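Written below as structure tokens is the structure these notes are about.
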Amino acid sequence: MSTQSPPTASYRRYVLAVLTVVYVFNFIDRQILVILQESIKAEMGLSDAQIGMLSGFVFAIFYVSIGIPIARWADVGNRRNIIAMAITVWSGMTALAGFAQNYTQLLLARIGVGVGEAGCSPPAHSMISDYYPAEQRGTAISIYSAGIGVGIAFGFLFGGWINEFFGWRVAFLLVGVPGILIGILLYLTVREPAREITVGQPPDGQPGFADTLYTLWSLRSFRYYSLGMGLMAFVAYGVGNFLPSFLIRSHGFSSGETGTIMAFVAGLGNSISVFLGGYFADRLGRRDKRWYLWVAGIPGLLAVPFLLACLYVDDPRLSVAWMFAHVLMISASLGPVIAISHSLVPQNMRAMTSAILFLVLNLVGLGAGPVAVGLISDALTSSLGQEALRYALAIASLTGVIAAGLFLFSSRYLRADLAREQMVFRYPRRGRT
């Protein structure tokens, strides 16, 4: 047990605020490509599938593969230092993307961004779970996760207008450099929290990837809701990464106008959705922990008809309004899922648990979603022309129905899984009981 004095409430809030700002820059640098992709596509002569590879598959592969060893490091090492190093790497690689002269160079820069960003969320989730008690964890993680929406908003707003007036290369440069300063602030002002020993946690070793994966796979609720999370992300990333292109192609908005719209729709909508998801899961979950999964699944189901309405109304203003409703629903699952997952495992498995969740989320969602939408759009272009993207997005949206069903089904097993894990944590692969 650590002898470090407990942090004050104000300092906990400060740490959460700094980590949230780091996550804001994580998503500014990740998503700025989405608002710039039409200009990049035109200059480099790319297809929608190639754009999907840039914004999804290649980024996701390196993000999740590097994320596992980093999470292992975070479960035993200094998490603050890992995050400070990570933001320096991904911010620098974002700036370098502005110097890319061809598709290969841009691809390599995006790989660098993925490698850097892999060092952000698993250690940050672990730190937050050490700073906040279990009954406040869903709200705290959702506040952190609301950085997604803020980052998307700033990325779209500034990226869209900088691109319109100065070009996409300048946009990459201007959003990349400030992240390095945030890394320095984090390193100088945030303390690594004490690690508390979980009741029943064996003291004779640190569980690795195989131990954590075995533990999670033995939890029937986790099997279903992790796949549900991946499929929900398939819709969120697959559709979300092409919504700016949809507004430009189908409704004729400029780059700057699209950036402003998406800053409001995706930025504000995502932030509200993520925060409320965790807030209501914590409040309702006091009576029944299954609400953590119900709050994740029910809004995801409602997101599907909202998106279809967005895609098929003729009035651009109504389309944007339905798009906002869709985003309000699609992002509610992140905070509740991470919080309930951390309640299912011991403290020294939390960073690895987040990494495994993000592996599923990013491989299925970020890795497959944008590429699938791009391939469908390319296949339909010969017959539908500019409208091909509209139909590709509609087809992808139906995956949300399956995702919602998996969340609701997994809740049947949650109580039993929580009861078992609260009694004793076992690592069967190492023969410990």
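Keep in mind that this is a model prediction, so the values were computed, not measured.
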On a heavy-atom basis, the closest approach of Glu192 and Gly77 is OE2-O, 3.6 Å
Between Ser411 and Tyr292, does the side chain to side chain donor-acceptor pair (under 3.5 Å) criterion hold? Intermediate values first, please.
CA-CA 9 Å; Ser411 67; Tyr292 279 87; over 6 Å; no
Ignoring hydrogens and angles, tell me if any N or O in the side chain of Thr94 forms a donor-acceptor pair with the backbone of Gly176 under 3.5 Å.
no
Atom pair OG1/CZ of Thr258 and Phe156 - distance to nearest 0.5 Å:
9.5 Å
All heavy atoms of Pro370 vs all of Gly365, minimum pair found to be CD-O, 3.5 Å
Determine the minimum heavy-atom distance between Ser126 and Arg79, stating which atoms define it.
OG-NH1, 2.8 Å
Could you verify whether a donor N or O on one side chain and an acceptor N or O on the other, from Trp90 and Asp29, lie under 3.5 Å apart?
yes
Check: Tyr225/Ser333 side-chain N/O donor and acceptor closer than 3.5 Å
no
Answer yes if the side chains of Glu164 and Ser255 hold a donor-acceptor pair under 3.5 Å, and no otherwise.
no
With a 6.0 Å cut-off on ring centres, are Tyr23 and Tyr144 close enough?
yes
Hey, what do you get for CZ (Phe222) to CG (Leu227), rounding to the nearest 0.5 Å?
10.5 Å
Measure centre to centre between the rings of Phe242 and Phe246, then say whether the value is under 6.0 Å.
no
Which atom of Ile87 lies closest to which atom of Gly179, heavy atoms considered
CD1-O, 3.3 Å
Taking all non-hydrogen atoms of both residues into account, name the closest pair between Ala303 and Met329 and its distance.
CB-CB, 3.6 Å
So is Arg191 actually on top of Tyr131's ring, under 6.0 Å and inside 45° of the axis?
no
Measuring from Arg223:CZ to Ser410:OG, what's the distance to the nearest 0.5 Å?
12.0 Å
Is Arg249 paired with Asp48 through a side-chain N to carboxylate O contact shorter than 4.0 Å?
yes
How far does CD of Gln50 sit from NZ of Lys41, to the nearest 0.5 angstrom?
9.5 Å
Rounded distance [0.5 Å steps], CD1 in Ile28 versus CD1 in Ile32:
8.0 Å
Between atom OG1 of Thr353 and atom CG of Leu357, what is the distance when rounded to the nearest 0.5 Å?
7.5 Å
Cation-aromatic face contact Arg283/Phe280, 6.0 Å, 45 degrees
no
Ionic contact status for Glu43 with Arg169, cut-off 4.0 Å:
yes
